[in-house]
Amino acid sequence: MNIILLGPPGAGKGTQAHLLVEGRNMIQLSTGDMLREAKDSGTPMGKKVADVMARGDLVTDDIVIGLIREKLQGDKKGGFIFDGFPRTLTQADALAELLNETGETLDKVVAMEVNDDALVARITARSTCAGCGEVYNDITKPIPADGKCTKCGNTEFKRRADDNEESLKNRLMEYYKKTSMLIGYYHAKGNLSWVNGLGEIDEVRAEIEAALDA
């Protein structure tokens, strides 16, 4: 099963993708992770990515599609989770073409619905473990009283510099201008499902699982 997780910055796509990786043996294809991995790989595509990033240029859609193509040709396990791609209609068309070329299908698009004000309040309280990237939240999932990450035992935590109200509102506006058009795109294709992105982590997980099994 191949799926896309859609939702604004901070909706919890990464957290839910990790849970699907653990629970369904799926492979998370995060644009940022793929670029970092490629940059250090030494492959022809990796060298191209390293050159682009060294110049400070934006990575083109063609490069990202090339990276996804490489992943699709490898071990498929329980299927792929597209996290952070596509972001535009052009990218959505390119992904559809690639999936068709490689004999893959897009089985479900899960859109995480959120309230902007509640989302901003939640994200400004967010921190991550500097060791493993585990996400914590002052309100919903505070750092343990002993100051140690429950996943790796690290004691250093950090907050993103852009996890502030003004920056978040700008990122949300950018998301709605570009990515929200994908909602109509996938609705028209008949594979869009909605879940409440502001529930507790396990509640959101259960809704996503139900959507995938429907």
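Hydrogens, waters and symmetry mates are skipped; everything else that's a heavy atom, side chains included, is used. Position 1 is the first residue of the sequence; numbering continues from there.
A donor-acceptor pair is defined here as one N or O able to donate and one able to accept, closer than 3.5 Å; such a pair exists between the side chain of Gln91 and the backbone of Arg87. Checking side-chain atoms of Lys76 against main-chain N and O of Leu72 turns up a donor-acceptor pair under 3.5 Å. Side chain of Asp107 to main chain of Asn2: a donor-acceptor pair is present (N/O by atom type, distance under 3.5 Å, no hydrogens or angles). Side chain of Glu165 to backbone of Ala121: no donor-acceptor contact under 3.5 angstrom is found. Here the side chain of Thr102 pairs a donor or acceptor atom with the backbone of Leu99 at under 3.5 angstrom.
With Phe82 as reference, Leu95 is the one residue of Leu5, Leu95, Ile3, Leu6 to meet the side-chain contact (heavy atoms from CB on, under 4.5 Å) rule. Here the options are Arg122, Met112, Glu113, the test is side-chain contact (heavy atoms from CB on, under 4.5 Å), and the partner is Leu198; only Arg122 passes.
Under the side chain to side chain contact (heavy atoms under 4.5 Å, CB included) criterion, Ser167 pairs with Asp162, Asn164, Arg171, not counting sequence neighbours. Not a single salt bridge (charged side-chain N to carboxylate O under 4.0 Å, His left out) links Lys47 to another residue, sequence neighbours left out.
Judged by distance alone, the side chains of Thr60 and Asp62 never bring a donor and an acceptor atom under 3.5 Å apart. Between the side chains of Thr88 and Thr90, not a single donor N or O lies within less than 3.5 Å of an accepting N or O.
One finds no salt bridge joining Glu200 and Lys141 here, because no Lys/Arg side-chain nitrogen approaches an Asp/Glu carboxylate oxygen to under 4.0 Å. Taking a cutoff of 4.0 Å between a charged side-chain nitrogen and a carboxylate oxygen, Asp117 and Lys169 do not qualify as a salt bridge. Taking a cutoff of 4.0 Å between a charged side-chain nitrogen and a carboxylate oxygen, Arg55 and Asp57 qualify as a salt bridge. Under 4.0 Å is where a charged nitrogen must lie from a carboxylate oxygen, and between Glu209 and Arg24 at least one such pair does. Look at Lys48 and Asp51 and you find no salt bridge, because none of the NZ, NE, NH1 or NH2 atoms lies under 4.0 Å from a carboxylate O. The existence of a salt bridge linking Arg126 and Asp163 is confirmed by a sub-4.0 Å separation between a basic side-chain nitrogen and an acidic carboxylate oxygen.
No chain of hydrophobic side-chain contacts below 4.5 Å, direct or via other Ile, Leu, Val, Met, Phe, Trp or Tyr residues, connects Ile81 to Leu19. The same ILVMFWY cluster, assembled from side-chain heavy atoms under 4.5 Å apart, contains both Val195 and Met26. The same ILVMFWY cluster, assembled from side-chain heavy atoms under 4.5 Å apart, contains both Val64 and Leu106. Taken together through direct or relayed side-chain contacts under 4.5 Å among Ile, Leu, Val, Met, Phe, Trp and Tyr, Ile4 and Met34 form part of one hydrophobic cluster. Using a 4.5 Å cut-off between side-chain heavy atoms of Ile, Leu, Val, Met, Phe, Trp and Tyr, with links allowed through other members, Phe85 and Ile27 fall into the same hydrophobic cluster.
Note that Lys178 lies outside the cation-pi zone of Tyr175, set by a 6.0 Å cut-off to the ring centre and a 45° limit from the axis.
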